Amino acid sequence: VAMTALPLLFLAMSAASVLAEPAVYLREQFEDGDAWTSRWVESKHKSDYGKFVLTAGKFYGDAEKDKGLQTSQDARFYAASSRFDDFSNQGKPLVIQFTVKHEQEIDCGGGYIKLFPSDLNQEDMNGDSTYNIMFGPDICGPGTKKVHVIFNYKGKNHLINKDIRCKDDEYSHLYTLIVNPDNSYEVKIDNKKVESGSLEDDWDFLPPKRIKDPEAKKPEDWDDREKIPDPDDKKPEDWDKLETIPDPDAKKPDDWDEDMDGEWEPPMVTNPEYKGEWKPKEIDNPAYKGKWIHPEIDNPEYTPDADIYKYDSFGVIGLDLWQVKSGTIFDNFLITDDPKLAEEVGNETWGKTKDAEKKMKESQEEEERKKREDEDKMRREEAKGEDEEEDEKDEEDEEEEEEEEGKEQQLDEEEEEEEDEEGIDSQLKDEL
Ligand SMILES: *[C@@H]1O[C@H](CO)[C@@H](O)[C@H](O)[C@H]1NC(C)=O
Ligand SMILES: [Ca+2]
């Protein structure tokens with residue numbers, strides 16, 4: 001059994017479950033002050049990685065429990081990792097769970113974790129380090145808001161074929177990935193299933209089972225025209241009419257001078273009797289053989305793999321990501337073989353503090369709103385006092401105008417920022 005950061009809690013959990021003992025490979029909740037620094041290793045691959053700091057952030061449900069690792073510097077790469085006892089998920093479910101809180105109103109940045117085999121050199125962890133699984137939210141501008149589920153299969157990283165949307169608000173959210181030994185998987189957000197299915201169907205690990213028979217060809221004489229023009233249909237004698245005719249209602253103007261203006265011609269108008277190009281009517285093709293369907297064969301390249309889910313070694317969890325606007329807090333890391341335990345732990349951590357967190361943020365917003373109102377009022381009263389003689393209405397109009405201009409400027413700046421972000425390539429692209 002793995003050593004954990006919170007042996008007591010772990011024991012309590014184990015005692016509570018009557019059936020098989022769940023294995024907890026990692027449980028990290030950052031509830032012991034600075035001690036986390038002895039469990040997390042910062043990579044030295046680059047010299048300018050951003051610093052993680054321990055904090056519950058600007059608003060929280062519990063000042064102590066909600067402490068987690070926060071990215072603290074804008075526009076930085078982050079690379080820190082924590083080791084646990086080496087294990088394989090062979091024959092057992094694998095559950096990875098953690099909370100992410102983008103309290104900074106994130107514009108562009110990763111919120112995912114990577115699970116590495118135990119041979120990872122933590123001091124050198126970087127974007128090219130081989131990992132087994134990458135999981136969690138990734139946001140960049142309005143275009144990218146997804147939950148990544150990437151598996152390394154036989155040396156190659158494979159992204160999920162489905163689109164799983166991540167949360168983009170400022171609150172804490174619980175992300176859970178379950179990988180089962182029957183090669184099924186489930187993704188949960190806030191303890192609710194958002195996606196599930198089979199590894200083989202939802203990733204391109206294996207070539208397709210069946211392919212179109214390369215030998216098969218549509219026979220030359222295969223008639224796949226469902227309808228044909230009726231060979232017995234004939235164009236009516238009186239069908240052909242001119243498309244335009246001289247306007248019968250037009251009259252030569254009285255002042256028309258043949259010598260000066262030339263011979264008068266009425267303007268052309270559409271002929272109401274014109275019927276267009278004649279086409280024979282369509283009838284059912286008596287020789288129709290149906291649509292030709294390309295026959296399929298078993299793909300000789302396909303070999304089933306009952307162990308897609310399996311990894312021989314997990315040993316390190318890492319945060320290896322890029323953030324434009326920092327402030328994301330990671331907390332409540334859990335790696336176990338028991339989905340039920342993960343759900344319970346999720347309930348006891350994220351589930352217990354989420355409502356209070358929301359309330360605190362809302363009351364902060366309310367306070368700020370009041371403060372702004374009071375300041376506005378004070379400013380208006382001061383202005384009144386100074387300019388008793390002047391026309392008050394003009395003054396107010398001016399102030400409003402200034403305020404509008406200020407807002408517009410702010411908007412412009414925000415737009416510029418967004419444009420900047422689009423230029424920044426996600427670190428991911430290099431890795432894939
Ligand atoms: C977690 O909480 C939800 C919502 O209160 C509840 O429905 C669920 O049964 C809980 N799960 C566990 C394992 O306690
Ligand atoms: Ca915590």
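Note that the structure is predicted; figures quoted are calculated from it, not measured. Counting convention: from 1, in listed order, for ligands and their atoms alike.
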With respect to the Ca ion (ligand 2), please indicate if [X] possesses an N, O or S atom at a distance under 3.0 Å.
X   : value
K65 : yes
K67 : yes
Q29 : yes

Exercise. To which of N191, D190, N347 does the heavy atom nearest atom 2 (O) of ligand 1 belong?
Worked result: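 Nearest option to atom 2 (O) of ligand 1, by heavy atoms: N347.
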Whether [Y] and [X] form a salt bridge (side-chain N of Lys/Arg under 4.0 Å from carboxylate O of Asp/Glu) is what I want to check.
X    : Y    : value
E375 : R372 : no
K227 : D284 : yes
D124 : K44  : no
K361 : E357 : no

For this session: Look at atom 8 (C) of ligand 1 and say which protein heavy atom is nearest, naming residue and atom and giving the distance to 0.1 Å.
Result: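 Looking only at protein heavy atoms, the one closest to atom 8 (C) of ligand 1 is E343 OE2, 3.5 Å.
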Problem set entry | atom 13 (C) of ligand 1 [closest protein heavy-atom partner, distance rounded to 0.1 Å] |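 Protein heavy atom at minimum distance: E344 CG, 3.4 Å.
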Exercise. Take atom CG in N161; do more than 12 heavy atoms of anything else shown fall under 6.0 Å from it?
Worked result: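 Atom CG in N161 is packed in, count exceeds 12.
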For this session: Mark whether atom 5 (O) of ligand 1 lies under 4.0 angstrom from at least one protein heavy atom.
Result: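 It does not: no protein heavy atom is found less than 4.0 Å away from atom 5 (O) of ligand 1.
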Exercise. Name the one of L177, N157, N152 that satisfies side chain to side chain contact (heavy atoms under 4.5 Å, CB included) with I133?
Worked result: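 Testing I133 for a side chain to side chain contact (heavy atoms under 4.5 Å, CB included) against L177, N157, N152 leaves exactly one candidate, L177.
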For this session: Of all N, O or S atoms in D331, identify the one at the shortest distance from the Ca ion (ligand 2).
Result: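 The nearest such atom is OD2.
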